[in-house]
Each structure stands twice: as C-alpha cells, then as structure tokens.
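Throughout, protein chains are lettered first and strands after them, A, B, ... in sequence-line order, and every chain is numbered starting at 1.
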Amino acid sequence: MERPHAAAGVPAGRNLDLGRLRAHHRLMLRIRALEETALRGLAEKQVFGAIHPSIGQEAVAAGVVAQLLRDDILLSTHRGHGHTLAKGASAGAMLMELLGRAGGVCGGKGGSMHIADFGVGMLGANGVVAANIVIAAGAAHAIRLQGGARIVCCLFGDGAINRGPFLEGLNWAAAFRLPVLFVCEDNGFAATTRAAALTAGPGASARARALGVPAEEVDGNDVLAVEAAAAALIAAVRGGGGPRLLHARTYRLTGHTAADAAAYRPADEVAAARARDPIALAAAWLAEAGVPEAEIAADRAAAAAEMAAAYDAACAAPFPDAAAAFRDVQDIGSPAEMPF
Amino acid sequence: MAQMSYLDAVRTALAQEMRRDPAVWAVGEDLGRGGVFGQYRGLVEEFGPARICDAPISEAAILGVAVGAAMLGTRPVVEMRFADFALCAMDELVNQAAKARFMFGGQARVPIVVREPIGMWRSSAAQHSQSLEAWYAHVPGLIVACPATPADAAGLLRTAIRSDDPVVFMEHKNLWGLEGEMPDDPDHCIKFGAARRVRAGRDVTIVSWSAQVHVCAAAAETLAAEGIAAEVIDLRTLWPWDRAAVFASVGRTGRLLVAHEAVAVGGFGAEVAATVAEQRAAALRAPVRRLGAPRALIGYAPPVEDAVRVTAPMIAAAARAMVAGQ
Ligand SMILES: Cc1ncc(C[n+]2csc(CCOP(=O)(O)OP(=O)(O)O)c2C)c(N)n1
C-alpha cells in the first residue's frame, strides 16, 4: 500500500476516537481484501459473473453503515460488497455467493449483483440502477405503518440520479416524511461515462434540496468526515425529521467492472486519487496518533488472511443442484410442477 | 348469496381482507376519494388514510414502495388505475417484485396484489384500453388473474391478498357494473389455476377469460339455437392455467377455440392452442383455432374501436366452421 502524501493529516480540531478509527480501518481493510479476493476468483475462474469493485470507495461503506443499528435496513447497488459486509454479513457466505456456491448468502442464485442478507437487514444489491431508491422508500413506509424506531439507508451512485426512481423515491419519502437516509456515492463515473458530463445542474444535493430533503456533501474518502456527516443526518432521520441525503464524493480506483481497464481516465487523475486512498489516509492518521506500524500491518494481514481462508472454503464448497433453478420462483404455478 | 356488482364485490372483498389482516393496506392514486372507478368507495372512512393510502402520480414509486413494504412483512394492494399506466412501473414489477424471492435465495417474499384494470371501455382510445395479460403470464414469479364475474372477482382477490407471491389482478373495466351472485362467506377463496365451466357442450370447447367470457357465452347461445353445443371454459387465471380442465373438455369435444380481447399475436390464446396441439393432438377432430384482436391499436371513434373487437358472431362463425369440418 502506498504511503499517504504529507498533507493527509487528521484535520485540526477533530476529536479523534482512536478506537473507532481503528475499527473503521479494519472494516475498510476487510472490504478491500474481500474485493481483491473476488478479483482473484475471477482470474482463477471461480467467480463467474461481473464484479463491480468498490476499491477506493470503502470509506463510504465504513463511515455510513457503521452508524446504522442492526435492526436498520440497508439497500445497495451493483457495487455493494462493501455495504453488505459493513452491515454485518458474513464474508464467508458472501464469497460463497460470488463463487456461486450453495452455501452462499443467496444460495448461489444471486451472485455479486444481487447479494443480500436479510438476517442483518440488508435487503439487497440491485442489478438495475436506481431501482433500490423506491424500494427503500417502501421499506421506510412499512416501518411507518408498523411503528418502531428503525430507519432505512439507501446507497446509490451518481449515475442513478438521472433515473426516474430518484425523483419518485425522494419525493415519496419527503411527502410521507419517512425515515430514510439516501446516500449518493459519487465516484465521478456512471459506468465509463463521466457522470457530470450528462447531469444537468449542480447534482444530487441540489436536487434533493429542491424536494425539501436536507442534504450534506462530504469528502467520501475521509472516513471520519463521512461518519460525522452520516451521524448527524441519521440522528435527524431517527428523530422523525424525514429523509436526508448525503452526497459523498469519492473515486473508483478500478474500472467499472473487472473487465474495464478504465483507459478513458488520465493517469495523473488516477494517481492523485490513489494518493487519497481512504485506507491509506486512515492508516496515516492511526500512525500519527501513535499506533505502531506493526499493528497496522497486522490488521492488514488479518484481513487478507480472513478472506483467503473464506475463499479456500468457498472453492471447496459444493454448487447448488440444478433443481435450485425451480425453487423459490413461486408457490402456486411453480416451475417445479408446471414447467410450461 | 347476495346480488352484487363486480365493483361492489371487489370492494367488499378488500374490506373483508383488511378487517381480517391488519398487515393488508392499499396504495394508489386518489384512493381516498374512492378510486377512479369507485372501487375503494367508503374504505378510507373505515380504515383511515394510512391503510387506504393516497399516492402521488408516481407509478414506479407506487409499485417499488409496495415491493419494499412487502419485504418488511406488510401486504400491499397496489392500484395502478389503468393497466396501461402499470407500464410506467415495469421494472418494479418484472425485475423487482417477480424476482426478489428467487434471486435472494428465498430470503425475500413479496406478497403484493397489483390491480390493473384492463380492456376496452367505450372510446377510451389507445392508452386506456389495452389487455396486456399475456405479458405477465410470460414472467416467471408472477400469478395472473383475470376474473369475469362478481363472485370470481371477490374470491380471486381474497386468494391474491392471501398469496405470498406477487399477483397481477386484472379487472375488466367494462365489467364494473355487471351484477351477479356473491357468496356471503368472507373466506370464500377461489384457487388459482381452477377454471370454471360456464356452459357444458359436446361439440366444441371455447376457452376464454375476463369480459370475453360473456361474449363467448353469447356466441354459445347462438350456436345452441342451431344445434351446436359449445362448452365454454373461463380460465379465471392465466398463470397458473387449468390445463387439466381444458384437456378434459377437448377430450370430450375434440375441438378447441380460444377467444380473447387482447391482440392475437403472442396472446395467451397462442399458449393454450399450442399446448393442446402438442399434448392432445390425438383428441383433436379439427385443427385448434384462436381468435384475438388484429395487431392494431384501439381507436377512439366507435367504428374504429369496434374494428378490433372479437365479437360473438365472429366466435360463433369460427366454432360453426370447425364443427362443419371447414
Ligand atoms: C437501469 C439500468 N441502466 C443501465 C444499467 C447498466 N449499468 C450498470 S452500472 C451502470 C453505471 C451506474 O453508475 P452509477 O449509478 O454512478 O454507479 P457506479 O457504477 O458508478 O457505482 C450502468 C449504466 C443498469 N444496470 N441499469
């Protein structure tokens, strides 16, 4: 891992909770290691479908999702491994899913783009950009009907704000004053297109504010800043203030998918982003605060070892049987009894 | 048994289901004023605005919200106003509602009922008249119900609301005022995939659903006067569909005619006809036939609109020709 550049100190005046920073750093390392392992699996032909890595964006997952309670609901996108792990899903079951194994969190039937763990309130990544925004409003609507203090957090990319469900979902959440935190995880790109090139106006926050949804912007590579911003917004949401939006600016260090070399980006832009790798920033702050380099290295090694072991276990695990194709389609008129 | 209109039957059944299960709620545009056809009249007074929920004109959100709310254990009844507007929520229905259970490996259940009023309703023109039931029958994960009578509408709606899987529930706009007998039992549920024999006959089987059932029954009446006994079968649900009932009937008559209001090309009649042709060829005394609308749009002016109707004389003529061996 590269050393952070000199300017990357903990901003003055910030009240550093070393324990939390250490936990965030560990979580980000685990997310990074999980995705690097997934990429290894792709190279080794153990992972079959598309992988959208969130490498470089881990501070958003760690900073936002760490603020949620276990009962809270999370909805994510095609780039959702980090969010899912942060919500508490098992890395072992996630890797099994990516490897299409029966022991996967979705039984091997969803893969990367539909990863979900309802047991920890993670209602799914989604293969359709922006689709989760209206579903999130619905989860919050159910919480309203049922009563209770749970909230919903919905993450989406900067490309998603140009789809209709962004307008419909935010309007709905605002009109019904529902407990949702919307998070626009802005990595600058919608697939291989610069999102700003085709997005009118000043972007996600302005659109949210136009609907009466208070919005904040934050440096999405600074896990402490993300956490602080998310904490304030979540407190407002939990307090019954209605929806909020957090616009986190970050950068995708890899291509859109593992197959995308991202040659459309100038090298100096990528180098500058690498110098602000959120994990390196956090490591530098830990070192500055006196955490020995050996301990930081040990955390890094532990994350890599955890994912390597989970990967080995997944490689050795069985695939689902073909009959799984006919399970959980529908009870009445199911393909098991009525193929056609 | 009470005499009731199709509209009052579904209104009554929904109210009964809402009394029975507090997790049931309805969401859609203008429901608080009774809904666009009056099928929610009086419900907000009994159940309040949280359970008879007015929605903004956001079809994708109405359906998407229902999906999310269903995943957390509520049972939304979604009003799409006209089947035509449900097209604004196709992703939410086809990619989300129909697939969540499977793609999340059984972790999600999406018990929603999506009400989509279909069909020609005098001079509603091209965007308020369609019968798109075949689209949904094509989508694994969905159940498709197309009731033709008040009792069936109520009984199928109850089953739909109690179903743990998503149901597309298509009421025909021209049937709202149709009167019929309604069983008093608030638990009278009609099984999905159980056809109803509207009329018995030995010469030709006519299969249909929704409002077209009544057109087929009128054709059968005409045929009876000529000495041709047509058996009319109302499928009631297109997925699952009661192939056993159709096979049994074709086994008796040796002839199958499927008639529907929707466009014939790629219509569900093609599915029924092909299945019988493949699996009951030996029973057939005549080639199967289907009647549906031409692959044309539905126009406003009455003569233009009527040009795409499948009428009783057309059905009678087709059946007559089949029986005559032409
Ligand atoms: C409705 C829809 N259109 C297009 C796609 C193809 N697609 C997948 S990811 C993606 C880019 C999305 O950009 P953004 O929302 O910014 O998220 P990011 O990929 O940057 O995380 C596109 C176009 C899709 N999955 N869904």
Side-chain angles (χ1 to χ4, degrees), chain A residues 73 75 97 104-111 113-119 123-124 126-128 130-146 150 152 163-165 167-173 175-176 178 320 324-325 327-335 337-338 340, chain B residues 22-23 25 27 50-51 53 55-74 76 88-89 91-92 95-109 137 140-144 159 163-167 191-193 237-241 243 271 275:
Chain A
I73 298 296
L75 289 105
E97 188 61 34
V105 70
C106 302
K109 299 208 293 190
M113 278 189 284
H114 309 308
I115 206 146
D117 186 346
F118 281 51
L123 301 195
N126 211 300
V128 179
N132 60 348
I133 300 176
V134 285
I135 299 174
H141 205 113
I143 290 171
R144 162 66 47 77
L145 286 168
Q146 294 165 335
R150 293 195 289 173
V152 177
R163 280 208 68 230
L167 172 71
E168 294 197 17
L170 261 70
N171 179 66
W172 190 292
F176 289 97
L178 298 177
R327 278 196 293 273
D328 281 319
V329 177
Q330 57 191 108
D331 290 334
I332 303 168
S334 104
E337 64 191 38
M338 208 169 172
F340 78 90
Chain B
W25 61 295
V27 57
R51 291 181 70 198
C53 181
I57 306 167
S58 300
E59 283 73 17
I62 294 170
L63 231 158
V65 160
V67 171
M71 283 179 178
L72 288 200
T74 74
C88 301
D91 175 61
E92 288 70 21
N95 282 327
Q96 312 299 335
K99 294 179 178 46
R101 177 180 174 187
F102 177 86
M103 70 186 182
F104 298 140
Q107 297 181 84
R109 299 307 299 264
L142 298 179
I143 288 162
V144 184
T159 309
S163 160
D164 288 332
D165 292 314
V167 178
K191 227 176 95 194
F192 293 140
T237 58
L238 298 196
W239 198 268
W241 68 280
R243 67 190 74 188
E271 179 64 29
T275 304

Comparing Cys53(B), Pro140(B), Pro56(B), Ala50(B) against chain A, the one with the most heavy-atom pairs below 4.5 Å turns out to be Pro56(B)
With heavy-atom distances below 4.5 Å as the criterion, would you say the side chains of Ile332(A) and Ser163(B) are in contact?
no
Heavy-atom contact with chain B under 4.5 Å, split by part of Glu337(A):
neither
Does a side-chain heavy-atom distance below 4.5 Å link Lys99(B) with His114(A)?
no
For Trp25(B), is it the side chain, the backbone, both or neither that has a heavy atom under 4.5 Å from a heavy atom of chain A?
side chain
Cut-off 4.5 Å, heavy atoms of chain B, and the answer for Ile73(A) is side chain
Choice from Pro22(B), Ala61(B), Gly193(B) maximising heavy atom contacts with chain A below 4.5 Å
Ala61(B)
If you tally heavy-atom pairs under 4.5 Å between each of Asn132(A), Asp117(A), Asn171(A) and chain B, the highest tally belongs to Asp117(A)
Find the one option among Val152(A), Val134(A), Ile115(A), Ile133(A) whose heavy-atom pairs under 4.5 Å with chain B are most numerous.
Val134(A)
Going by the rule side chain to side chain donor-acceptor pair (under 3.5 Å), which residues pair with Gln96(B) if we only count those two or more places apart in sequence or in a different chain?
Asn126(A), Asp91(B)
I'd like to know which of Ala108(B), Pro166(B), Ser58(B), Ala66(B) tops the heavy-atom pair count under 4.5 Å against chain A.
Ser58(B)
With a 4.5 Å cut-off on heavy-atom pairs, point out which of Arg109(B), Lys191(B), Arg243(B), Arg51(B) contacts chain A the most.
Arg243(B)
Go through Asp164(B), Leu63(B), Thr237(B), Ile62(B) and name the one with the most non-hydrogen pairs under 4.5 angstrom from chain A.
Ile62(B)
Most contacts with chain A, counted as non-hydrogen pairs under 4.5 angstrom, among Gly105(B), Gly64(B), Ala23(B), Ala55(B)
Gly64(B)
In this structure, CZ of Arg327(A) is separated from CZ of Phe102(B) (nearest 0.5 Å) by 9.5 Å
To the closest 0.5 Å, what do you measure between CD (Gln330(A)) and CZ (Arg101(B))?
8.5 Å
Side chain, backbone, both or neither: which part of Cys88(B) has a non-hydrogen atom closer than 4.5 Å to chain A?
neither
Could you list the donor-acceptor pairs under 3.5 angstrom formed between side-chain atoms of residues 136-145 of chain A and any protein atom two or more places apart in sequence or on another chain?
{"residue": "His141(A)", "atom": "ND1", "partner": "Trp172(A)", "partner atom": "NE1", "Å": "3.0"}
{"residue": "Arg144(A)", "atom": "NH1", "partner": "Phe176(A)", "partner atom": "O", "Å": "2.7"}
{"residue": "Arg144(A)", "atom": "NH2", "partner": "Arg177(A)", "partner atom": "O", "Å": "2.7"}

For chain B, which of Gly107(A), Gly111(A), Ala131(A) has the most heavy-atom pairs under 4.5 Å?
Ala131(A)
Donor-acceptor pair, side chain of Gln146(A) and main chain of Leu72(B), under 3.5 angstrom:
yes
Honestly, the part of Pro165(A) sitting under 4.5 Å from a heavy atom of chain B is side chain
Minimal heavy-atom distance between Glu59(B) and Glu168(A), with the atoms involved, is N-OE1, 3.6 Å
Mind checking whether Cys106(A) and Gln107(B) have side chains closer than 4.5 Å, heavy atoms only?
yes
Does any backbone or side-chain atom of Leu142(B) lie under 4.5 Å from a heavy atom of chain A? Answer side chain, backbone, both or neither.
backbone
Output for pair (Leu123(A) CG, Phe104(B) CZ), nearest 0.5 Å, gives 8.0 Å
Ala173(A), part contacting chain B, at a heavy-atom distance under 4.5 Å:
neither
